[in-house]
Number of protein chains: 2
Amino acid sequence: MPEELLHFVEEFALAYEGAGLPRSAGRILGWLMVCDPPEQNAAQLAQVLGASKASISTMTRLLVQMHLIERVPRRGSRQAYFRIRPGTWSERVRQGLAGLSLYKNLAEKGLKLLEKAPPAQRQRLEEMRDLYAFFEEELQGLFERYQRRKGA
Amino acid sequence: MPEELLHFVEEFALAYEGAGLPRSAGRILGWLMVCDPPEQNAAQLAQVLGASKASISTMTRLLVQMHLIERVPRRGSRQAYFRIRPGTWSERVRQGLAGLSLYKNLAEKGLKLLEKAPPAQRQRLEEMRDLYAFFEEELQGLFERYQRRKGA
DNA sequence: TATTTTGTTCAGTATTGACTAAACTATTTG
DNA sequence: CAAATAGTTTAGTCAATACTGAACAAAATA
């Protein structure tokens, strides 16, 4: 299979490593984004990506748990086929959103601790909370708008 | 200083570890979010957080490079004082934004490779590109709106 | 200038985590 | 039921990196 595609897959994996994915999980994800046919079984993944069965098994499980890929059952066969889950990219945005509220909550927890502190001391946390609250709120709206637009 | 605050700092560090910061850098950041006074020198940080001078030196450098904290010069003293950089949280959002275009570009690069592939094969990358393009665009606007709102 | 204070750099340690080979389990097919 | 096939789990290896103590450098103070 084309050399260029594998290079792309590597770049893809590198990019998502920055987002916290193990390199080899990123490679699986990247390959599943471009491969033909879009469903691939474990053996194929191992062969193309030059990884061990064990790694494929672990990493596909991870990716399934993250709702980024899904197992496609094949009737009459126990083989596991995997493919990019439709809506994967929305899912990532949604996960990002969840991250925002984590940080917002963190700021609020801090503010509770500093309840009796002078405003000057609280100000840093307030800025943090306000910003995350704003983006959480607005992104929620944006997200819905995107979904709706895609429906049309 | 209060036990509870240190626990908060730990939680803070843990949260930002998920975002790729070393634990001890997260602790510094967390402490600088709540400490009084808001400027702290290296020795104070080392003492409160129970870290070595070496670690403080390395991690403050990292945080300064990331534009999350800044050195505050004290005239007549060589001591380095650090504080949360005003606008730190906007900065983090801006960095997140930059991340989005990275992914969008990635999708576009892939599409170029699949230029001659049938639409069915291109579709996954197209969805990815569209989504990131949408959010990059819209977040840009949101961001400006936030800045303006804060100015008022 | 000598001493003390402050911070950085370096070398080494310890921990984490990605990855593999091999053993194991389960399922399908002969 | 036996043999082959597919996948998971486990134990162990290797590499990356966070962190420390100690040596070092630079600057302030005596």
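Each chain gets a letter, A, B and so on, in the order its sequence line appears, and its residues count up from 1. Keep in mind the model is a prediction, meaning the values are calculated, not measured.
With sequence neighbours left out, the side-chain hydrogen bond (donor to acceptor under 3.5 Å, both in side chains) criterion links B/Tyr16 to A/Tyr132. Partners of A/Gln95 according to the side-chain contact (heavy atoms from CB on, under 4.5 Å) rule, which considers only residues two or more places apart in sequence or in another chain, are A/Met66, A/Glu91, A/Arg92.
Rounded to an integer number of Å, the gap from CG of B/Asn41 to P of C/dG7 is 6 Å. Between the CZ atom of A/Arg23 and the C1' atom of C/dT20 there is a distance of 17 Å, given to the nearest Å. Atoms CG (A/Leu49) and P (C/dC19) sit 11 Å apart, rounded to a whole Å. Atoms CZ (A/Arg74) and P (C/dT28) sit 15 Å apart, rounded to a whole Å. Distance, A/Ile28 CD1 to C/dA18 C1': 12 Å, rounded to whole Å. Distance, B/Leu21 CG to D/dA18 P: 10 Å, rounded to whole Å. When the P atom of C/dA18 is taken as reference, atom OH of A/Tyr16 falls 18 Å away, rounded to whole Å. In this structure, B/Gln40 places its CD atom 13 Å from P of C/dG7, rounding to the nearest Å.
We find that A/Glu115 and A/Arg122 are not joined by a salt bridge, their nearest charged nitrogen and carboxylate oxygen being 4.0 Å or further apart.
A donor-acceptor pair under 3.5 Å is formed between the side chain of A/Gln44 and the backbone N or O of A/Asn41. A donor-acceptor pair under 3.5 Å is absent between the side-chain atoms of B/Arg23 and the main chain of B/Glu17, judged by distance alone.
Put simply, A/Ser24 has a side-chain N or O that comes within less than 4.0 Å of OP1 or OP2 on C/dC19.
B/Gln140 CD to B/Leu100 CG: the interatomic distance, rounded to the nearest 0.5 Å, is 10.0 Å.
Note on B/Arg27: only backbone sugar-phosphate atoms sit closer than 4.0 angstrom, heavy atoms only; bases stay farther off.
Within residues 52-64 of chain A, the residues having any heavy atom under 4.0 Å from DNA chain D are, by residue number, A/Lys53, A/Ala54, A/Ser57, A/Arg61.
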